[in-house]
Amino acid sequence: MQAAIAVENVSHKFDERVALDGITLQVMPGEMYGLLGPNGGGKTTLFRMLCTMLPPDHGTIRLLGKNAAANAVRAHIGVVFQHPSLDVRLTVLENLRHQGHLYGLKGRPLSQRIEEVLDMMALADRAKDRIEILSGGLQRRVELCKSLLHRPQILIFDEPCTGLDPGARRGFWDDLDILRRTYGTTLVLTTHFIEEAERCDRIGILDRGQLIAEGTPAALKRTVGCEVITLETRDPKGLQLQIEKVAGRDVQIIDGQVRIACDEGQQLLAQLYPLLRENVQAMTLSVPTLEDVFVQRTGHGFHVEDQ
Amino acid sequence: MRMAFWLPVVSLWRRELVRFARDRNRLFGAIGQPLVFWLLLGAGFEKSFAPLGISSGYLEYIYPGILLLILLFTAIFSTISVIEDRREGFMQSVLVAPVSRTGLVLGKVLGGGTLAFLESLVFLVFLAFLDIPISIASLGMTLIFLAILGIGLTALGFAIAWQASSTAGFHAVMTLFLFPLWVLSGAFFPAEGASRWLAYLMAINPLTYGMDGLRQSLYLTTSDANTHLWFCVIISVAFAALTLSAAVWQVCRKEK
C-alpha cells in the first residue's frame, strides 16, 4: 500500500538555527498520526511543509505520491490552522462559499457540499450567523467544515485543541471520529498535549528537530517499562546516588524530581522504603505516560522550554 | 482553465466589498481625514498660496491632491490587514488552496482598488462647490485615472504589507515612504516653485504623473488633444503594472 504521506530525510534551517534534522516518517491511508513535541521542537516547521507552505531545504515530502511542493497536491489536502482562518465579519455560509470557490466548487454542487458538512457537524441552524457571534468551540467546528468541503484525502491540523475549553475539546474529538467513520480520511495533527497524542493510532515524538521515537502510544509506553516511580525530595542528586548504590538501577532527575522506570514498582518501593522514609516528601507509583517516553529518550522534561 | 482562474479572484474581490459594507468606520475613516485636510489646508492657504499658472485659490488647487490622498488611505486601510491575515488569519487558507498566486493578488488588489475608487467617487460630490466646469470628457477621464491609480496604490500597499513583519513596521513605511510619495506628487505644491533638488525628486516620482493626469482630466475640454495627458496615462498604467508585479513576486517568494 502506498503511504498517504512520505517524509524522507527532511532537514531545514532558519538562518543558523536547525529546525528539522533528518526526519523520515510515513503515514498510511486512513491512519491518525500525531506529531508530539514541546514548543520549538520542529512540529510547526514540519506542519508548514506538509501543508505545502514551506519547501524543505533538504529531503522530499510526498503527499499521495506527489511532491508536496506541487500545486496539484493542494486540491487533495485540507488544513486546519492553529489560528482561526475564518473571516469573522462574514457568516458561516459566506465563509464556506468562499472556501468552495477557492477549490473550484460553485453553484448546486457547492450548496450540496455545504449542506452535507453543516449537517455532519450539526451546524445547519447556525449557517446564517456571523462568525464573530459564535463560541470558540463552534468556530473550530466551522473551521473543520471549511477544511472538509472539497473532501480532502488528507487532513492536517496544527494544535487543534489549543484555546478550547474541555467541553469543546471532547466535542472536537467526537467530530474527528465522525469524520473518520464517514470518509476514512487520513489525519495528521501536531500537538504538545500528551492526552491528545494518546488518542492517535501512531505518533512521532519530535525534539530539537529530531524524531526521537515513533510507534503506537501503547508500544512506546511499553519501552519505558511497566511502571514509573516519581520521588519529590530536597536533595535529588544525593538521593539519586543512594538509590543507584542500593538498587543498582538507572535513576534520572527530571525537573527536580527523581524518576525510576521499572517493571515491579511495589517491590522496588518496598526495598527502598527505609531510605525514602528519611529523605522524601512525596512518592508516586504510576503507569508510564508518553511524557515518560519523552523523558526517557531525551533526558529532559517535556515542558522545559529549550534554548 | 479560465473559469478556474477567475472564480477565486471574484470571490476574493467580493469578500473585500462585503467586509467594507459591514464596517461603517472604514467608510468614514478613509474620507474623514482627507476631508479635514482639505478644508483646513485649503481654507488656510486660500489667499497666501497662489500656485504658478493656476488662477484659482488653494482650495481648488489641492482638491485633486485630496482625491489622490483618499485613494492612498483606502489602499492602506484595505491592505494593512494582510500583515496579520497571512500568518494568523484568513489568508492562510487561501495559501494552501489550489489558487494561483497571481489570482490571489488580483482578487485582493482589485477588491481594495474598487473600494478606493468608490471612496474617491464620494469625494467628487464636492466638485459642486468648486468652480470647475465638468464635461463628460473630463469626468470620464477623471474616473479612468482614479481607477488606475486606485489599483496601483492598492498593489503597492499589498506588496509592502506582505513582507512587513508587524503593523508598526507598516506604519513606519507609511510615514517615511507612502506619505512623502503623495506630498511629492504635486498634490500639495507644484514642482515649478520647489527647490531644484525637490523638483528632481518630484520628476522621478511616478505618482507625479498620476497626479498631473488627474488634475488635467478635471479641467479637460473635448477640444483638447493633449499628448502630455496620454503620457500621464501610460506612466500611471506602467506604475500599476509594476506594483502588481511586485505584489505577485512577493507572494511567490520562498517563505521564511
Side-chain angles (χ1 to χ4, degrees), chain A residues 12-15 19 44-45 47-57 63 68-91 94-107 110 130-132 143 146-147 149-150 152 154 156 158, chain B residues 1-27 77-78 81-108 110-111 115 162 165 248 250-256:
Chain A
H12 199 80
K13 267 188 191 175
F14 292 110
D15 298 322
T44 305
T45 306
F47 163 79
R48 284 171 66 201
M49 288 176 178
L50 290 176
C51 64
T52 73
M53 287 169 90
L54 178 74
D57 285 345
L63 303 172
N71 201 34
V73 139
R74 296 199 170 114
H76 305 289
I77 62 167
V79 183
V80 179
F81 295 92
Q82 179 181 356
H83 299 285
S85 72
L86 300 166
D87 188 327
V88 296
R89 295 206 185 276
L90 302 186
T91 65
E94 285 168 331
N95 268 289
L96 293 179
R97 271 215 198 99
H98 177 81
Q99 179 76 4
H101 292 159
L102 295 181
Y103 287 83
L105 296 165
K106 61 187 165 69
L110 175 57
R130 284 205 205 163
I131 301 295
E132 52 199 349
E143 292 272 359
K146 193 174 146 172
S147 70
L149 268 185
H150 60 290
I154 302 175
I156 308 167
D158 190 19
Chain B
M1 180 63 215
R2 265 239 187 100
M3 188 64 231
F5 178 82
W6 288 106
L7 186 65
V9 174
V10 173
S11 201
L12 283 162
W13 172 79
R14 245 185 75 105
R15 168 184 176 248
E16 291 295 315
L17 301 200
V18 172
R19 278 176 68 86
F20 184 79
R22 287 184 187 165
D23 191 352
R24 286 202 196 93
N25 294 335
R26 270 177 75 191
L27 180 67
F77 285 157
S78 58
S81 62
V82 166
I83 299 165
E84 282 168 357
D85 239 17
R86 83 184 186 96
R87 290 194 181 85
E88 311 196 333
F90 177 80
M91 273 297 164
Q92 300 174 104
S93 58
V94 184
L95 283 170
V96 298
V99 175
S100 88
R101 296 318 190 218
T102 311
L104 186 165
V105 172
L106 270 185
K108 180 82 190 172
L110 288 181
L115 297 179
W162 193 268
S165 50
V248 172
Q250 285 285 5
V251 176
C252 290
R253 235 158 44 131
K254 193 182 164 187
E255 287 276 327
K256 276 281 165 194

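A quick note: this is a predicted structure, and the numbers were derived from the prediction, not measured. In what follows, chains are A, B, ... by sequence order, proteins preceding strands, each numbered from 1.
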Strictly under 6.0 Å, is that where the ring centroids of Phe90(B) and His98(A) end up?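 Here the rings of His98(A) and Phe90(B) have centres that are less than 6.0 Å from each other.
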
Considering all heavy atoms of both residues, which atom of [X] and which atom of [Y] are nearest to each other, and what is their separation?
X	Y	value
Tyr103(A)	Ala97(B)	OH-CA, 3.5 Å
Pro8(B)	Leu102(A)	CB-CD2, 4.0 Å
Leu90(A)	Arg15(B)	CD1-CG, 4.2 Å
Phe81(A)	Val96(B)	CZ-CG1, 3.8 Å

Heavy-atom contact with chain A under 4.5 Å, split by part of Leu104(B):
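Contact with chain A: none, neither part.
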
**Report entry** Contact origin within Asp23(B) toward chain A - heavy atom pairs under 4.5 Å
**Finding:**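 Contact with chain A: side chain only.
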
Arg22(B) vs Glu132(A), test: salt bridge (Lys or Arg N to Asp or Glu O under 4.0 Å). Steps then yes/no. CA-CA 13 Å; Arg22(B) 287 184 187 165; Glu132(A) 52 199 349; over 6 Å; no

Can you tell me which portion of Glu143(A) sits under 4.5 Å from chain B's heavy atoms? Options are side chain, backbone, both or neither.
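Neither part; nothing is under 4.5 Å.
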
Would you give the length of the straight line joining atom [atom1] of [X] to atom [atom2] of [Y], rounded to the nearest 0.5 angstrom?
X	Y	atom1	atom2	value
Leu7(B)	His101(A)	CG	NE2	5.0 Å
Ser93(B)	Lys146(A)	OG	NZ	3.0 Å
Gln82(A)	Glu88(B)	CD	CD	8.5 Å

Residue selection (most heavy-atom pairs with chain B, distance under 4.5 Å) from Asn95(A), Val88(A), Thr52(A), Asp87(A):
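That would be Asp87(A).
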
* More than 12 foreign heavy atoms under 6.0 Å from CZ of Arg101(B): is that the case here? ->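 Correct, the count exceeds 12.
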
* **Enclosure of Glu84(B) CD (heavy-atom neighbours >12, cutoff 6.0 Å)** =>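 No, CD of Glu84(B) has 12 or fewer neighbouring heavy atoms, counting only those of other groups under 6.0 Å.
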
For this session: Please name all residues satisfying ring pair (Phe, Tyr, Trp, His ring centres under 6.0 Å) with Phe20(B), sequence neighbours left out, ordered by chain then number.
Result: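 Partners of Phe20(B) under the ring pair (Phe, Tyr, Trp, His ring centres under 6.0 Å) test: none.
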
